Colleague: 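Quick one: the structure is below, questions incoming.
Just so we're on the same page: letters track the sequence lines, and every chain starts at 1. Note that this is a predicted model, so its numbers are computed, not measured.
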Amino acid sequence: MTKNQKIISDKLLKWYDHNARLLPWRLFGGSKPDPYKIWISEIMLQQTTVQTVIPYFKLFIQKWPTVDQLCKSDLSEVLHLWSGLGYYSRARNLHLSSFLINSKYNNSLPSTESELLKLPGIGSYTAAAIMAIAFNKRAVVVDGNIKRVVSRLFSLEKPVKENYREIWDFTNLITPNIRVGDFVQSLMDLGSEICTPSRPKCYQCPVINNCQAKTNKKENFIPLKKRKLEKNFRNGASFFIRKGQKVLIYKRLDRGLLASLDALPSIGWDNQVDQRLEFIKKLEKKKISRIKHEFTHFTLNMDIYLVEYLENENSKLPKDFIWADINNLKKFSFPTLMQKILKKIIND
DNA sequence: TAACCGTGGCC
DNA sequence: TGGCCAAGGTT
């Protein structure tokens, strides 16, 4: 680490001492962080904003304060708490990992990158982040914020997606040997609050004099943005099949989109073949509404149909189908898409 | 490697 | 309004 690189980390740490965000998984005043909480927070924060995560994190820790408690839970409980948060494989992987940590590591998170990487749901970023933040061990942490901050500090013009290796090398150069956790979080807080994607607040930046992008007057153009692929449209149909005060719902397949979550029977949009849904095609239905829902990689237009299910059609239901009380749907694990559809039907 | 995997907020 | 973006991982 050269003198200038040490100046950068010193300035960032000093800034962090006075400007760190107060977040529920952070401890201050010399207390050691709880690796379990850091793990849960890091998984929840994958591609998810801090403000969205906070209430989910608090509920999660309240319900399962330790690995030991988590590994005694049912997957269905974890999915229920996770419903609405998105990227549901994270919940499945957390649950699975809790068993591994229980059986292989005596309920304590492993503290080496190679062992952390063996846990499902932990990749290169999360392993390094847990090393640094939970254990204060030196690791090179490169997340979305840090990619942008480092690109600007060293005037790296390439789009971040195409420049991982170079960004990693420069991040490595400025990563100190002490207070690694604080340093990593200082970069993240800086990226989140000051060195923002658009209109960075350079006038508040503690390392403005060390920033090569600023020196070159390129802070608004670095890193370069890459054009994204065009988003596709899909059409689907959801069925509100009613029998008195009950509605037919089912548990989705345990793989792919919205895996293992509860849903209204729906077809035509998720590239899945589910034999259990064949019976829908024979039902007498009436189109009552339509909603639009944005996924990351496609836009969904979902037609909503109402089916009045007659008492004498009491044929046997497929596996994992149940008649749910319309007034007690809270106990199920619906993704936001389904919550939107249900709200639309019940309000209309 | 590029597609897949959710959702909410911002401008 | 719609595209962008957020403490990415898996296949």
Colleague: Apply side chain to side chain donor-acceptor pair (under 3.5 Å) to the pair A/Gln212 and A/Arg152, showing each step before the final yes or no.
Modeller: CA-CA 7 Å; A/Gln212 297 181 30; A/Arg152 286 178 179 157; over 6 Å; no

Colleague: Of the nucleotides C/dA7, C/dG9, B/dC5, which has the atom closest to the A/Thr296 side chain?
Modeller: B/dC5

Colleague: Closest-nucleotide mapping onto DNA chain B: is A/Ser198 or A/Thr336 further toward the 5' terminus? I mean the 5' end.
Modeller: A/Thr336

Colleague: On a whole-Å scale, what distance lies between the P atoms belonging to B/dC11 and C/dA7?
Modeller: 15 Å

Colleague: Report the distance from atom CZ of A/Arg26 to atom P of C/dA7, rounded to the nearest whole Å.
Modeller: 11 Å

Colleague: Between C1' on C/dG3 and CG on A/Asn232, what's the gap in Å once rounded to a whole number?
Modeller: 15 Å

Colleague: Atom CZ of A/Phe298 and atom P of C/dG2: how far apart are they, to the nearest Å?
Modeller: 17 Å

Colleague: Of all of residues 80-96 of chain A, which get a heavy atom below 4.0 angstrom from DNA chain B, listed by number?
Modeller: A/Gly84, A/Leu85, A/Gly86, A/Tyr87, A/Tyr88

Colleague: I need the CD-P distance between A/Glu230 and C/dG3, as an integer number of Å.
Modeller: 8 Å

Colleague: Would you call the rings of A/Phe239 and A/Tyr305 parallel, tilted or perpendicular if under 30° counts as parallel and over 60° as perpendicular?
Modeller: parallel

Colleague: Tell me which residues in residues 45-63 of chain A put a heavy atom below 4.0 Å from DNA chain B, sorted by number, or none.
Modeller: A/Gln47, A/Thr48

Colleague: Among A/Val207, A/Val149, A/Leu12, A/Asp17, find the residue that satisfies the side chain to side chain contact (heavy atoms under 4.5 Å, CB included) test when tested with A/Ser186.
Modeller: A/Leu12

Colleague: Grab the NE2-P distance between A/His293 and B/dG9 for me, whole Å please.
Modeller: 13 Å

Colleague: Can you measure A/Lys231 atom NZ to B/dA3 atom C1' for me and round it to whole angstrom units?
Modeller: 15 Å

Colleague: Between A/Asp325 and A/Lys330 (salt bridge meaning N to carboxylate O under 4.0 Å), is one present in this structure?
Modeller: no

Colleague: Looking only at atom P, what distance separates C/dC4 and B/dA3, rounded to whole Å?
Modeller: 15 Å

Colleague: Using every non-hydrogen atom in the two residues, find where A/Leu248 and A/Leu264 come nearest and quote the distance to one decimal.
Modeller: O-CD2, 3.9 Å

Colleague: What are the two closest heavy atoms between A/Asn136 and A/Gly181, and how far apart are they?
Modeller: OD1-N, 3.2 Å

Colleague: Starting at atom CH2 of A/Trp25, determine the distance to atom C1' of C/dA7, rounded to an integer number of angstrom.
Modeller: 9 Å

Colleague: Could you check A/Ile122 against A/Leu23 and say which one's nearest nucleotide on DNA chain C is further toward the 5' end?
Modeller: A/Leu23

Colleague: Using a strict cut-off of less than 4.0 Å between a Lys/Arg side-chain nitrogen and an Asp/Glu carboxylate oxygen, indicate whether A/Lys243 and A/Glu308 qualify as a salt bridge.
Modeller: no

Colleague: Is a salt bridge present between A/Asp68 and A/Lys72, judged by a nitrogen-to-oxygen distance below 4.0 Å?
Modeller: yes

Colleague: Side chain of A/Arg148: nearest nucleotide among C/dA7, B/dG6, C/dA6?
Modeller: C/dA6

Colleague: Check this for me, if you would: do A/Arg252 and A/Asp270 make a salt bridge, where the nitrogen-to-carboxylate-oxygen distance has to be below 4.0 angstrom?
Modeller: yes

Colleague: Report which part of the nucleic acid A/Lys292 touches: base, sugar-phosphate, or nothing (heavy-atom distance under 4.0 Å, all strands).
Modeller: sugar-phosphate

Colleague: Let me know, please, whether A/Ala127 or A/Lys225 comes out on the 5' side of the other along DNA chain C by nearest nucleotide.
Modeller: A/Lys225

Colleague: Output yes when at least one side-chain N/O atom of A/His297 is less than 4.0 Å from OP1 or OP2 of B/dA3, else no.
Modeller: no

Colleague: Which residue is it: A/Ile133, A/Ile130, A/Leu116? I am looking for the one with a side chain to side chain contact (heavy atoms under 4.5 Å, CB included) to A/Trp39.
Modeller: A/Ile130

Colleague: Select base, sugar-phosphate, or nothing to describe what A/Ile133 touches, counting heavy atoms under 4.0 Å on all strands.
Modeller: nothing

Colleague: Check every atom of C/dA7, C/dG8, B/dT7 against the side chain of A/Thr126 and return the nucleotide holding the closest atom.
Modeller: C/dG8

Colleague: Between C/dA7, B/dC4, B/dG6, spot the one nearest the side chain of A/Arg21, thanks.
Modeller: C/dA7

Colleague: Rounding to a whole Å, what distance do you find between A/Phe295:CZ and C/dG3:P?
Modeller: 17 Å

